[in-house]
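All remarks here apply to the structure that follows.
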Amino acid sequence: MGIYFDEIGNLFGKYSKNTEKEESVMVGSHIDSVKNGGRFDGVVGVMGALEVIRTIDKNNIALKHPIELVAFVEEEGTTFGSTLLGSKFFIDEIKDFSRYTDDDGVFILEKAEEFTIKKDYKKRGNTPIKAVLEMHVEQGNVLYSENITIGVVTNIAGVNWLSIVLKGQSNHAGSTPMHLRKDPFPTAGLIINEVEKIAKNCPFSDTLVGTAGSIKVTPNVTNVIPSEVEINVDVRDISQKGMDYLVTNLKEFAEKLIEDSEIELFIDVEETAPPIKLSDKIMNIISEKAEKRSFDFKHMHSGAVHDSSLLAKKYDVGMIFVPSIDGISHAPEEATEYEDIEKGANVLLDTVLELST
Ligand code: HGY
Ligand code: MN
Ligand code: MN
């Protein structure tokens, strides 16, 4: 395959043996992971794509369209602080790179150079794309609990990430009387609790989820009243209305909390990806191929976001889910039976062939 990178470090492998058309069928996922994550999230989709290409090549199957394997970087946002960065760059939606630095303050493009330009990478260029396919572990418990082999993804939840910063005044934990403190931590605690309360009690959506996943306390020392607390909140729903409900109510709650206090509040909302519907045409092909192999399949939405969320803004996209054992993901216990991955890869192969021959 021709191997290409782009400036942010996304990796592409183009298989175009005897193909006459220019538009490629893109297949892949991401290879980065969350901290303390599992071994299947993302990787299953990249290895599945590689296996599909190997099988086509080994069997000398004639294609009309090239197949492009893709391994996106920074899908999880673990290193540079924003999820779906690799695919966001690929669809040309990143306006300002300055906010994307790692813990050492290195910008993502600078970091990517170590893996691309320094290895005289070839630019992918603007090959047109006919369709995009991503196989992925479900990361939920629907398929596994219902003993279903294939998930045909209909739509993907949207995601907003909120950074909520509360500023107070650092001081001595022992000699500062309670009425003289400007301690942002208790306020942060109330806001964290409110995330769950609002998400649980939304009157019109039972797919709305809210997670206060990380907190940064400065200076984070037992005998020092914190000067600053930053909470990062992940808000998702398959409807924008649900996401807006949580963000709006949380903002109002936080602003009310600090009204008569000397704590300062800063809220930054990053609309990372909108809720999105996937291609009916590709959904039908995936269903038909699963049926042909007598695999049980189910149409379902994805609560997790994927690179496909952003690609679906520009291209015809389809996703194939394989079961996650006990629905666990983003944890070392994340696992999927290898025979389930093989079944998913076969449906991926059949779908790719339908689209590229
Ligand atoms: O957070 C997600 O849903 C994805 O795993 N990045
Ligand atoms: Mn993930
Ligand atoms: Mn993933």
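Order of appearance sets the numbers: ligands from 1, and atoms from 1 within every ligand.
- Close approach to H330 involves these atoms of ligand 1, each under 4.0 Å from a residue heavy atom: 1 (O), 5 (O).
- Proximity to T83 (heavy-atom distance under 4.0 Å) selects the following atoms of ligand 1: 6 (N).
- Centred on the Mn ion (ligand 2), the OD2 atom of D41 and the OE2 atom of E76 lie at an angle of 90°, reported to 10°.
- When side chains are defined from C-beta on, K17 counts as touching D57, because their heavy atoms get closer than 4.5 Å.
- Put simply, H330 gets within reach of the Mn ion (ligand 2), with an N, O or S atom under 2.8 Å from it.
- With respect to K292 and D350, no salt bridge is recorded, no charged nitrogen being found less than 4.0 Å from a carboxylate O.
- For ligand 1, the atoms closer than 4.0 angstrom to any heavy atom of A304 are 3 (O).
- Taking 4.5 Å as the limit, every side-chain heavy atom of F89 sits out of range of all side-chain heavy atoms of Y100.
- No donor-acceptor pair under 3.5 Å is formed between the side chain of D316 and the backbone N or O of S279.
- Among the atoms of H306, no N, O or S atom falls under 2.8 Å of the Mn ion (ligand 3).
- Contacts between V305 and ligand 1 below 4.0 angstrom, taking non-hydrogen atoms only, involve backbone and side chain alike.
- Between E270 and K88, at least one side-chain nitrogen of the basic residue sits less than 4.0 Å from a carboxylate oxygen of the acidic one, meeting the salt-bridge criterion.
- Heavy atoms of H30 stay at 4.0 angstrom or farther from ligand 1.
- Taking all heavy atoms of E74, H306, E75, R236 into account, the minimum distance to atom 3 (O) of ligand 1 is reached by R236.
- A salt bridge does not link E20 with K64: none of the charged nitrogens is closer than 4.0 Å to a carboxylate oxygen.
- Follow the hydrophobic side-chain contacts under 4.5 Å out from V27 and you reach M47 in the same cluster.
- Backbone and side-chain nitrogen or oxygen atoms of E76 are examined, and one is located within less than 3.5 angstrom of a nitrogen or oxygen of ligand 1.
- Seen from the Mn ion (ligand 3), atom NE2 on H136 and atom NE2 on H30 lie at an angle near 110° (rounded to 10 degrees).
- Taking the six-membered ring where the residue is Trp, the centroids of F72 and H306 are separated by 6.0 Å or more.
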